[in-house]
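Computed from a prediction, not measured in an experiment: that's the story for all the values here. Both ligands and their constituent atoms are indexed starting at 1 by order of listing.
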Amino acid sequence: MAIDAPSRHQGYIDLHCHILPGIDDGAENLEMALEMAQMAVDHGTSAIMATPHIIPGVFNNTLSAIRKRAEAFRIELKKAQINLTIYSAAEIRLSPEVVTLARKGELPFFNQPDHPREDGKNFVLLELPHQSVPVGSDNLVSWLVSRDIVPIIAHPERNTAIQANQDLLRPFMKIGCLVNLTAGSFLGGFGPTAKKTASDLLQRGWGHILASDAHNLENRTPILDTAVDAVSHIVGPQQALSMVTTIPEFLI
Ligand SMILES: [Fe+2]
């Protein structure tokens, strides 16, 4: 992929983070969200893609509501003098509703409205259920790709079916999906199996972005630097760094 565009960012770009307050199971309130923002900045992050859950019937967040919340949070960051860029998208559960949202033009994409892409592609963060890869998922993903909507599969290393059989991810890779691995997985935060699977997927070339998937200030933090170190030991510093800099930049 062409990732030689000039950088708009000075630090890491975290493309998966539940930092918007009170909108899902991430930051509980503004105070926590601001502390998460400061923590991210303290560890070298300069931009965060706020990706609240869209899970039909559980978190019914909409594109317009997410954008409004992101704008309100930008104002709060400015007031608090925290130098962090906030973009917004969502983490969408892979379900038939994805098709409905796509048809209505209401899928939140990584690329931002003020930065239209020349290649016409749209990138969307999709989450599989935790224990399975539902039958027909690859058809749904193909349907999206045929409409220039490229899914980024969130944390497959934490899916128990993929942990047992990594080849379940192959159809998604063949279609052209990208993969988001979680920073904490490389540090053992999701257990030894997720850690090993993350490393295996990365070495198969099935890991494109490294993101925090932060939810709080304790066990699911917005810290990337330690994971970049861990990933450097697996694929080298250049590739590790690209997963939090040039590749995310290309997707925004
Ligand atoms: Fe997430």
Side-chain angles (χ1 to χ4, degrees), residues 12-28 32-33 36-37 39-40 45 47-63 65-67 69-70 73 84 86-95 97-98 101 107-110 123-134 137 141 150-163 169 172 177-191 194-195 197-198 201 207-224 227 243-244 247-248 251-252:
Y12 301 144
I13 305 169
D14 185 356
L15 285 189
H16 182 166
C17 188
H18 300 262
I19 194 167
L20 292 183
I23 192 168
D24 63 0
D25 57 349
E28 285 166 19
M32 188 195 271
M36 286 170 72
M39 185 183 268
T45 295
I48 283 179
M49 181 71 70
T51 51
H53 289 288
I54 295 181
I55 304 178
V58 182
F59 298 113
N60 297 309
N61 289 313
T62 63
L63 175 61
I66 292 167
R67 282 191 180 153
R69 297 279 194 134
F73 188 50
L84 179 70
I86 295 291
Y87 301 109
S88 72
E91 176 180 21
I92 306 157
R93 179 61 61 88
L94 201 142
S95 62
E97 283 83 354
V98 172
L101 290 175
L107 271 184
F109 297 136
F110 271 6
F123 295 92
V124 68
L125 185 63
L126 286 188
E127 177 190 42
L128 293 163
H130 297 297
Q131 277 141 359
S132 66
V133 178
S137 299
V141 164
V150 182
I152 298 166
I153 308 296
H155 44 67
E157 81 281 10
R158 289 157 44 196
N159 176 290
T160 51
I162 292 172
Q163 288 174 347
L169 203 55
F172 297 91
C177 292
L178 301 177
V179 169
N180 155 215
L181 299 170
T182 307
S185 295
F186 289 96
L187 304 171
F190 297 93
K195 185 176 180 182
T197 308
L201 295 179
H208 306 89
I209 64 174
L210 181 67
S212 73
D213 193 8
H215 282 66
N216 56 46
L217 293 157
E218 287 89 35
N219 58 337
R220 303 284 301 275
T221 66
I223 294 176
L224 290 177
M243 293 174 75
V244 288
I247 297 173
L251 300 177
I252 294 174

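Remark: Met36 CE to Leu20 CG distance equals 9.5 Å, nearest 0.5 Å. Taken from CE in Met49 to CD1 in Ile209, the straight-line distance is 8.5 Å, to the nearest 0.5 Å. Between atom CD of residue Glu97 and atom CD1 of residue Ile92 there is a gap of 11.5 Å, rounded to the nearest 0.5 Å.
The set of protein atoms (N, O or S) found at less than 2.8 Å from the Fe ion (ligand 1) reads His16 NE2, His18 NE2, Glu91 OE1, Asp213 OD1, by chain and number.
Using a 4.5 Å cut-off on side-chain heavy atoms (C-beta onward), Pro248 and Leu210 make no contact.
Judged by distance alone, with hydrogens and angles left aside, the side-chain atoms of Glu127 form no donor-acceptor pair with the main-chain N or O of Ile153 at under 3.5 Å.
With sequence neighbours excluded, the residues satisfying ring-ring contact (aromatic ring centres under 6.0 Å, His included) with His18 are His16, His53, His215.
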